[in-house]
Amino acid sequence: QFPNQSIGTPDLHLNNDETFDVCWTTQSGEVYVGSLGGENTSYPSGAGSQWTSSLVDSVMPQTAQNLVNCALSVNEDGRQSLLYADGANIKSARMAYENSIYPNGDTWQNMTILYDMNPTDIELASFSNQSEWAVFRDTAGKMWQLNSSSSIWQHSLLDAGPVGHSLELE
């Protein structure tokens, strides 16, 4: 289904019903999201499970050494949100379901939320009140926070660093 591409480390979200959502980036600049869902997800391949995937965005290509992995959150309604790098910038993508504004079906809403931040690592989480919170590390080793309660993202410095590459939100 996918061309032979070098990918980064996928960000995996396990759901309570044994389904999962995942996002990944490629060196050639593609950002993908995929889901394994269905009534019966017995592994390795359940009779009722179904794999779906889509291209979220195409961004600047990256080398293997500079590949920034995407960060995925899935809210309690199953809506996927991603943060990912586009060169020195950070972008957000959210699934917009078909409605009067998007009459041609579900589509990704992509937007650049921060410019010239040079991220190296990104983590994202969503909360029951539909807000999202993220942390990212930049090339100088500083750790920043991002938070959103709608379409407006705010950021601030958490630690002047240097901090390591291993970030985790729970």
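Every heavy atom of this structure was used, including side-chain atoms; hydrogens, water molecules and symmetry mates were not.
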If you round to the nearest 0.5 Å, how far is [atom2] of [Y] from [atom1] of [X]?
X: Cys23; Y: His13; atom1: SG; atom2: NE2; result: 11.5 Å
X: Cys70; Y: Leu82; atom1: SG; atom2: CG; result: 5.5 Å
X: Leu67; Y: Gln62; atom1: CG; atom2: CD; result: 5.0 Å
X: Asp138; Y: Met117; atom1: CG; atom2: CE; result: 6.5 Å
X: Asn16; Y: Leu14; atom1: CG; atom2: CG; result: 9.5 Å
X: Asn104; Y: Glu98; atom1: CG; atom2: CD; result: 7.5 Å

Sub-4.5 Å side-chain heavy-atom contact between [X] and [Y]:
X: Leu83; Y: Ser92; result: yes
X: Met111; Y: Ile113; result: yes
X: Tyr32; Y: Ser53; result: no
X: Trp24; Y: Asn69; result: no
X: Val22; Y: Asp11; result: no
X: Leu114; Y: His155; result: yes

Keeping [X] on the side-chain end and [Y] on the backbone end, is there a donor-acceptor pair under 3.5 Å?
X: Asn15; Y: Asp17; result: no
X: Arg79; Y: Met95; result: yes
X: Asp86; Y: Asn89; result: no
X: Asn75; Y: Gly78; result: yes
X: Asn147; Y: Ser131; result: no
X: Thr120; Y: Arg137; result: yes
X: Thr25; Y: Val68; result: yes

Hey, quick one: are [X] and [Y] part of the same hydrophobic cluster, counting side-chain heavy atoms closer than 4.5 Å, chains of contacts allowed?
X: Leu12; Y: Leu36; answer: yes
X: Ile122; Y: Leu72; answer: no
X: Tyr97; Y: Val56; answer: yes
X: Leu146; Y: Val163; answer: no
X: Ile7; Y: Phe20; answer: yes

**Message:** Under the rule for salt bridge (charged side-chain N to carboxylate O under 4.0 Å, His left out), what residues qualify as partners of Lys91, not counting sequence neighbours?
**Reply:**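 Per chain and number, Lys91 pairs via salt bridge (charged side-chain N to carboxylate O under 4.0 Å, His left out) with Asp57.
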
**Closest heavy-atom pair and its distance - Leu167, Met143** =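 Looking at all heavy atoms of both residues, the closest pair is CD2-SD, 3.8 Å.
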
**Request:** Heavy atoms only: give me the nearest Ala96-Gln109 pair and the separation to one decimal.
**Result:** CB-CG, 4.0 Å

**Item:** Pair Glu30, Ser28: side-chain N/O donor-acceptor within cut-off below 3.5 Å
**Value:**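 The answer is yes; a qualifying pair exists.
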
**Request:** Scan side-chain atoms only and decide if Ser54 and Trp108 contain a donor-acceptor pair under the 3.5 Å cut-off.
**Result:**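 There is such a pair (donor and acceptor under 3.5 Å, judged by atom type) between the side chains of Ser54 and Trp108.
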
**Request:** Give a yes or no on whether a salt bridge exists between Glu132 and Arg94, defined as a side-chain N under 4.0 angstrom from a carboxylate O.
**Result:** yes

**Prompt:** So Ser35 and Gln80, side-chain contact (heavy atoms from CB on, under 4.5 Å) or not? Walk me through it.
**Reply:** CA-CA 10 Å; Ser35 299; Gln80 300 162 325; 3.0 Å; yes

**Request:** Kindly assign one of parallel, tilted or perpendicular to the pair Phe136 and Trp144, based on the angle between their ring planes and the thresholds 30° and 60°.
**Result:** parallel

